[in-house]
Amino acid sequence: PGVPRELDVQRIPVQVNDTEIAYLKDATWVEKPARLFRGLLAETLRARTNRLVIGGADEQYAAATKLTGQLLAMGYDARTQSVTVRFEAMLADPNGNVRTRRFESIKPGIAPRANTVGPAINQAANEVAVQVVDWVGS
């Protein structure tokens with residue numbers, strides 16, 4: 001998935017106000033969020049459907065149905081003390097039909113610490129991945 005600039009780093013973004021982004025102290029991603037979320041979507045598709053999931057350089061030639069999108073949010077909102085994962089998906093089928101849909105999971109009441117934000121983001125990302133896979137279908 002594509003990502004906004006604040007997610008194209010290995011730090012967890014914190015929305016401080018409408019115009020200010022900071023990063024959570026003592027917290028980093030193992031990989032950039034787009035790559036992590038892509039892997040989560042692929043694994044969720046493999047586990048919950050009978051679809052063959054491919055990626056990388058060969059996907060443009062082999063995939064009859066293509067799932068792409070934008071990971072719009074994957075971080076902490078200090079204003080609401082919540083974690084949000086938001087993904088706008090685009091699904092193109094072999095006949096050229098395209099569908100889009102936005103998926104979101106918000107976990108409220110999260111303290112602004114790495115040991116609470118990390119698990120909440122994980123839970124929210126898993127919920128969004130399941131929503132996307134249920135939408136895609138088998």
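All heavy atoms count here, side chains included; hydrogens, waters and symmetry mates do not.
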Worksheet item: Ile21 versus Gln15: any side-chain heavy-atom pair under 4.5 Å?
Response: yes
Worksheet item: Which heavy-atom pair separates Ala114 from Lys25 by the least distance, and what is that distance?
Response: CB-O, 4.3 Å
Worksheet item: Between Val3 and Phe37, is any pair of side-chain heavy atoms under 4.5 Å apart?
Response: no
Worksheet item: Just by modelled atom types, is the Ala73 backbone N or O under 3.5 Å from a matching donor or acceptor in the Thr84 side chain?
Response: no
Fill in: Minimum side-chain heavy-atom gap Leu72-Arg102 below 4.5 Å
yes
Discussion item. Can you give me the closest heavy-atom contact between Pro94 and Thr65, atom names plus distance?
Written reply: CD-OG1, 3.4 Å
Worksheet item: Say you draw a straight line from CG of Leu36 to CD1 of Ile121; how long is it, rounded to the nearest 0.5 Å?
Response: 10.5 Å
Worksheet item: Counting only heavy atoms not in Arg46, do more than 12 sit closer than 6.0 Å to its CZ atom?
Response: yes
Worksheet item: Is there a path of hydrophobic side-chain contacts, each under 4.5 Å between heavy atoms of I, L, V, M, F, W or Y residues, that connects Leu45 with Leu91?
Response: yes
Worksheet item: Do Asn95 side-chain atoms and Asn97 backbone N/O form a donor-acceptor pair below 3.5 Å?
Response: no
Worksheet item: With Glu127, which residues qualify under side chain to side chain donor-acceptor pair (under 3.5 Å), at least two apart?
Response: Ser105, Lys107
Worksheet item: Under 4.5 Å between any side-chain heavy atoms of Val132 and Leu67, yes or no?
Response: yes
Worksheet item: Mind checking whether Leu41 and Val53 sit in one hydrophobic cluster, side chains of I, L, V, M, F, W, Y counted as touching below 4.5 Å?
Response: yes
Discussion item. With rounding to the nearest 0.5 angstrom, report the CD to CZ distance, Glu20 to Arg79.
Written reply: 10.5 Å
Worksheet item: Is the backbone N or O of Gly137 less than 3.5 Å from a side-chain atom of Arg51, with the two atoms forming a donor-acceptor pair by type?
Response: yes
Fill in: Flag side-chain contact, heavy atom, 4.5 Å: Pro13 against Tyr76
no
Discussion item. Would Asp134 and Arg48 count as a salt bridge (charged side-chain N to carboxylate O under 4.0 Å, His left out) here? Give the steps.
Written reply: CA-CA 8 Å; Asp134 288 348; Arg48 296 177 61 97; 3.0 Å; yes
Discussion item. I'd like to know if Ile110 and Trp29 are part of one continuous hydrophobic network [Ile/Leu/Val/Met/Phe/Trp/Tyr, side-chain heavy atoms within less than 4.5 Å].
Written reply: yes
Item to complete: Rounded to the nearest 0.5 Å, what's the gap from CZ on Arg99 to CE on Met90? Could you check?
Response: 12.5 Å
Discussion item. Quick check on the hydrophobic clustering: are Leu40 and Trp135 connected, directly or via other members, by side-chain heavy-atom contacts under 4.5 Å?
Written reply: yes
Discussion item. Under a 4.0 Å threshold between the charged nitrogen and the carboxylate oxygen, would Asp26 count as salt-bridged to Arg113?
Written reply: no
Item to complete: Over all heavy atoms of both residues, which pair between Ala111 and Val117 is shortest? Give the atoms and the distance, please.
Response: O-CG2, 3.5 Å
Response to the item:
Residues Gly75 and Ile12: closest non-hydrogen pair is CA-CG2, 4.3 Å
Worksheet item: Out of curiosity, Leu7 CG to Leu71 CG, how far, rounded to the nearest 0.5 Å?
Response: 5.5 Å
Worksheet item: Does Gly118 offer a backbone N or O that forms a donor-acceptor pair with the side chain of Asn122 under 3.5 Å?
Response: no
Fill in: Nearest heavy-atom neighbours spanning Val85 and Ala124
CG2-CB, 3.6 Å
Discussion item. With a 4.5 Å cut-off on side-chain heavy atoms, are Pro108 and Gln81 touching?
Written reply: no
Practice prompt. List the atom of Val128, the atom of Phe87, and the distance in Å for their closest heavy-atom pair.
Written response: CG1-CB, 3.9 Å
Worksheet item: Would you say the side-chain atoms of Glu88 pair up with the backbone N or O of Phe103, donor to acceptor, closer than 3.5 Å?
Response: no
